[in-house]
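All chains are named by letter (A, B, ...) in the order of the sequence lines, taking the proteins before the strands, and each is independently numbered beginning at 1.
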Amino acid sequence: MTEDGIRCDGRRVDQLRNISIKAGVLKNADGSAYIEFGKNKILAGVFGPRDVHPKHMANQDTGILRCRYHMSPFSVTERKNPAPSRREIEISKVLKEALQPALILKDFPRTVIDVFVEVLQADGGSRCAALDAAAVALADAGIPMRDLVSACAAGKVADRIVLDVNNEEDQEGQADMPVAIMPNVGKVTLMQLDGILTPEEYKTCLQTAIGGCKTVYEVQRRALVERYFESGEK
Amino acid sequence: MTEDGIRCDGRRVDQLRNISIKAGVLKNADGSAYIEFGKNKILAGVFGPRDVHPKHMANQDTGILRCRYHMSPFSVTERKNPAPSRREIEISKVLKEALQPALILKDFPRTVIDVFVEVLQADGGSRCAALDAAAVALADAGIPMRDLVSACAAGKVADRIVLDVNNEEDQEGQADMPVAIMPNVGKVTLMQLDGILTPEEYKTCLQTAIGGCKTVYEVQRRALVERYFESGEK
Amino acid sequence: MTEDGIRCDGRRVDQLRNISIKAGVLKNADGSAYIEFGKNKILAGVFGPRDVHPKHMANQDTGILRCRYHMSPFSVTERKNPAPSRREIEISKVLKEALQPALILKDFPRTVIDVFVEVLQADGGSRCAALDAAAVALADAGIPMRDLVSACAAGKVADRIVLDVNNEEDQEGQADMPVAIMPNVGKVTLMQLDGILTPEEYKTCLQTAIGGCKTVYEVQRRALVERYFESGEK
Amino acid sequence: MGSAILDQLRLDKILDLLKQGKRLDGRALDEQRPLIIETGVIPKANGSARVKLGNTEVITGVKVQPDKPFPDLGDKGILICTAEILPLADPHVEPGPPTEEVIELARVVDRGIRETEMIDLHQLVLIENKSVVGIFIDSSVIDSAGNLFDACSYASVAAVLSSTIPKYEIKDEAPVLVEGVTSKPPVKTLPVSVTMARIGDYIIVDPSKEEEMCMDARITITTNSTGNICALQKGGNDGFSVDQLLKCSEMALSVGTKIRKQLEQLM
Amino acid sequence: MGSAILDQLRLDKILDLLKQGKRLDGRALDEQRPLIIETGVIPKANGSARVKLGNTEVITGVKVQPDKPFPDLGDKGILICTAEILPLADPHVEPGPPTEEVIELARVVDRGIRETEMIDLHQLVLIENKSVVGIFIDSSVIDSAGNLFDACSYASVAAVLSSTIPKYEIKDEAPVLVEGVTSKPPVKTLPVSVTMARIGDYIIVDPSKEEEMCMDARITITTNSTGNICALQKGGNDGFSVDQLLKCSEMALSVGTKIRKQLEQLM
Amino acid sequence: MGSAILDQLRLDKILDLLKQGKRLDGRALDEQRPLIIETGVIPKANGSARVKLGNTEVITGVKVQPDKPFPDLGDKGILICTAEILPLADPHVEPGPPTEEVIELARVVDRGIRETEMIDLHQLVLIENKSVVGIFIDSSVIDSAGNLFDACSYASVAAVLSSTIPKYEIKDEAPVLVEGVTSKPPVKTLPVSVTMARIGDYIIVDPSKEEEMCMDARITITTNSTGNICALQKGGNDGFSVDQLLKCSEMALSVGTKIRKQLEQLM
């Protein structure tokens, strides 16, 4: 990083990578979205609410949410084995718990909502980008939501708190903190941290990330507006 | 191959390896057959129509057919891991689809017919030999059939179309085309091809294979006649 | 071994290693026990009789018994993969069949009793020690029993029949024979043998093992007495 | 039961149209759906393609990396071809180990590329018997609307054509990447897969999902650039007559020509 | 419920016969079913046998190939013994990973061969700690009609006796097959497995499937050529008295003698 | 349905108490359950600990053995941290492959130790890129009564502190154990994990199982010896406000101080 805070990819410390989101990109899924977030290229598809198979997993008091985060074999530098890794299973759980607060599952007892995320190309922050796409796909599926979920990481690179750590920064970075919020409700629904921060840095990092989430939210909104009010496609 | 078309094992180009089939060789199976086809040694056992487990796989509109092609660890030169390989799973599917046209599954709703094939010793053409034994085992089980299914491969070796490619020929061979027919109905129910053929060779190869299937059919018939009309065993 | 029959750990040929058993050591299990048997350190936990999952495994004529023998990764010299090995699966079956004669499963149709054994540190004779703990855990769970089950091995070391072979002896040993009895009913419910014995040695070995089982039985009884009549804890 | 009635109605409708030489989506019997090929969609991969065949959509990535050769095949590089139907592609696909359908799909795509000898694997050897270059061609179906065989095959071929092979040098018996030096893949011929379905007495090319639901049998024939037939797979729960099979091979050659031209533009 | 009644009726009938010293199939209590052994049935294997023990039938193949030794056992060749009940052997067996019953079967057969030290594994070392010969003995049950333990054990022993061990030379630290030179396996003793069942107070040898369905407990005892007891496994959901166990060991020795003679003819 | 009613009653009761600053088991909101640490409980392991956190109980063993380094990490030893909930620990846990809950548990414990850089992995290299020392930290939950994250973390840290690292020499490029020579593990800092739950508007430390059953969200924060925050994991099906998150980090630091003192006594 330069002394003026210009990062290896030319961004300022508080600047997001380029983001574009398109809703309704898949034909078979009930809802879908495609996101490019820096070099991340991620698809999300949603099915449901629908019947649960196997049936004994159904809950008569509430709907359930399932989430699968999966990386394509060609998405990373070294070819990835297609079988889900422990990392992918953990991220699947964390994403599910980040999306669930935005849903009103009690209204759909005995059903399941399935969220499938495929990382076609991975860069730093793929779990946040996955979440951004998944939230748009849920909205695209017409599933009632309390709010969107918007995600973005902040971190510490070269002793400075920066927004939206990319892959190169993550390799050398001192800390990475993915965060997701429900922007209107004001809740943090995903938060993780790897790396070392002072309490003061922790506070700054969290606020920086939340700022980024709010910017992401505008991109998500625009994708839904384009899908439903500006194109005659659906 | 010699110039006269005499092959490495002494056969002419249009000659099958030795085949012998015996029906009713197993005590526990509802129907069974043992085939020796060249150096192939293969057992087939059939159970059904019987109840489906797990129950949710049953279809109330029709019976279903399941097929498993499996190779013993000692059946090939290098000891084979007993767990089913992707090749075995594909062949299982192809065999199932080759047998199904001969069955009248609609008459047995909610049931399953299970065909289990074990390759005790493998030579070239094991999937065809497996099918020949499986068809006889189905008949031996007393399951109503539209026709038998008779299988045999043809291929291209040393620039000539030959019937029934053996293992040594397959190693050096230019093409291998396994074919199965319902001999009386006149349908081809299995067909695959690995290797390069001109359109003219393709036609010759197919007709050569069908010729072989018809010879195999006579051996299958004889095995059933021996089983039911010439021995007092059953 | 010395000429007087003093073994590498100082024991006589007919002497058990130190054994201590404590019943009721776990809070969540319906019954539990912890055993130290030489260097073996083993926990047993029991649940049931309770509903069977999956339901189709339930038997309307009788209760069923399930047993799992598992070794912690840190229990042996070379770290053990946590997935169950074929050896652990076999021992699980043998333990189940050793415990079952002591239970009256017909009285609890449609239910299951689960016995979970965890070997925290393994020494020679871990399956016997596991059984000793499991029997106490079953009694601690209040499950009606015809008798306890008491287990101990005998074997052949340096051409002599010895009681309770330890790990070092087992490495060099000529034979190892784990045995379990129902001490009051007088039945042998577990018996295995690895190694070479003359018919006469076989007889001596079996009787030596049974003698050891009877000593173990006293330790098991004492553990249950301490649990139910000497402490005010439960 | 309801489903069985719907199946029958669909079949009746399709057969009715076929008698008039028509199909549900207005295509002629020997007409493929529009094929759109985009390459370079995954820049981090060594090659990639996104293919739309009607509403069916596939993304394929190619990874090239040093590997050990298979035993007894020490004079050849490694070629691995996989396929997966992502659960977001189809409401009936569930995550988990591959089904027999998916295994067949991957193996048929693999054979089309392997048996035509599209890639000269002998050119991928670094040290004979010890070190070779491996080419991994992984296809992910992202929208499943019939004829996955051809869609995955076209995407795989396109991804290979678009790929660059990094250069490796041997240092201390181990392969080391030479930065910035790449070459085109050693492509010898263009395999073109054409899948046909039989419904009643009719043979149709490139079946849609609805057509697959009521087809009697299926056949996939792969041809090479010199007009030979190189791989074939019959599927489905019924058979073909010999005449139908000969007709299918002719259709595979004629229909394939158009696709081959489209693929050649990527070379 | 129906099944429980049938079970009871079967048990009553069998016990009734046992009181008269008889069995369902007319055998004496200490009488095995006829044992038929055929070797060389799988010529591509290094050794093989087909064994019929009454209606139970097993095929075993032996494969011999170079391998790396187990850690800490660098002075011994490798011995692996497996068993499988093929789904065509039994209407209740389903394809899939091995059940605990099958794992026990394989391990008991393995122990019979390993603990008697039938094969001198020290003679199978090519380079100590680095390269050894592995012997893989794989048994497939093709008809399951009771007492799979003994049938698999006899088939495994017979397959080993019928096998030929190829010669390997070490070149560049790797084993290379020497064509046309083979030797007999280094066999030191003949293990004979005898399985008995307890039904009520009766001990019967070589239980049939019907007898297994109502037996209280089972015991398999393997003896060697010098009349010693080398491996033992109790099974089943009840136990034995000490007297019964001593009687079983005597029966294993006496009944085993006849089998051993039959196996010796294969040497 | 019954279960849903019970859940509501439990929540009502707990919220009622929280309004009064109380908890079901009488603790203050920021009070952990008593922590009892015993080390050396598995003498055959290189290090071990048994931890009781209230009624939750965990046993952790540390194994140290030579291994190959991960590719591209040839200058570091290997650290593997696992966790398992034994089926005897909880009536609802079944044997089988790890659930997503258990995978998360293991990975959060691992990150607490890895991200604080507790162990100086650079000191565990025998030959760069070829041979390193691996440290395996395996935790088994034997009684599950809430807050497994902290219990497993404390047990893992304690087991590492209690461990001895054997010395290895390189002979013929292979590591050989030097008998009788050991050293302390290269520990740089003490990670302390503090897990908090949000129930309604209340944040409580070290939730019990009953509290977990009705919590809205969960957070685990790991701090190091210099008062920095090093790892964090939010869980549960609802979220936190920013103020709550800042409060949680303060609680993690203040509550963690007491635990760190307890752990320091093991050094």
>> Under a plain distance cut-off of 3.5 Å, with no hydrogens placed, do B:Y228 and B:D140 share a side-chain donor-acceptor pair?
In response: yes

>> Using a 6.0 Å cut-off, check whether atom CD of B:Q171 has over 12 heavy atoms from anything other than its own residue.
In response: yes

> Which pair of non-hydrogen atoms, one from E:A159 and one from E:A49, has the smallest distance, and what is that distance?
Replying inline: N-CB, 3.7 Å

> Top residue by heavy-atom pair count (under 4.5 Å) with chain E, among B:R68, B:K39, B:Q121, B:H53?
Replying inline: B:Q121

> Where on E:L86 is there a heavy atom nearer than 4.5 Å to chain B: the side chain, the backbone, both, or neither?
Replying inline: side chain

> Picking from E:V41, E:V64, E:N55, which has the most non-hydrogen pairs under 4.5 angstrom with chain B?
Replying inline: E:N55

>> Under a 3.5 Å cutoff, is there a donor and acceptor pairing between the side chains of E:T220 and E:S193?
In response: no

> What part of E:P98 lies closer than 4.5 angstrom to a heavy atom of chain B: side chain, backbone, both or neither?
Replying inline: neither

>> Can you confirm whether more than 12 heavy atoms, excluding those of B:N18, are under 6.0 Å from its CG atom?
In response: no

> What part of B:T77 is in contact with chain E, defined as an atom under 4.5 angstrom from a non-hydrogen atom: side chain, backbone, both or neither?
Replying inline: backbone

> Non-hydrogen atoms of chain E under 4.5 Å away: do they reach the side chain of B:V76, the backbone, both or neither?
Replying inline: backbone

> Tell me, side chain or backbone of B:D123 under 4.5 Å from chain E's heavy atoms, or both, or neither?
Replying inline: both

> Tell me, do B:L43 and B:S32 make a side-chain contact under 4.5 Å, heavy atoms counted?
Replying inline: no

> Given that the side chain runs from C-beta out, which part of B:A122 has a heavy atom under 4.5 Å from chain E: side chain, backbone, both or neither?
Replying inline: backbone

> Of the backbone (N, CA, C, O) and the side chain (C-beta and beyond), which part of B:A44 lies under 4.5 Å from a heavy atom of chain E, both, or neither?
Replying inline: backbone

>> I'd like to know which of E:E84, E:K63, E:E94 tops the heavy-atom pair count under 4.5 Å against chain B.
In response: E:K63

> How close do B:G48 and B:I143 get, heavy atom to heavy atom, and via which atoms?
Replying inline: O-CD1, 3.8 Å

>> Report which part of E:T82 has an atom under 4.5 Å of a heavy atom belonging to chain B: side chain, backbone, both, or neither.
In response: side chain

> Should E:D143 and B:K27 count as an ion pair when the cut-off is N to O under 4.0 Å?
Replying inline: no

> Among E:E57, E:K209, E:Q65, which residue forms the greatest number of heavy-atom pairs with chain B at distances under 4.5 Å?
Replying inline: E:Q65

>> If I measure from the heavy atoms of chain E, does B:S75 come under 4.5 Å with its side chain, its backbone, both, or neither?
In response: backbone

> Does the side chain of E:Q233 pick up a donor-acceptor pair with the side chain of E:R111 at under 3.5 Å?
Replying inline: yes

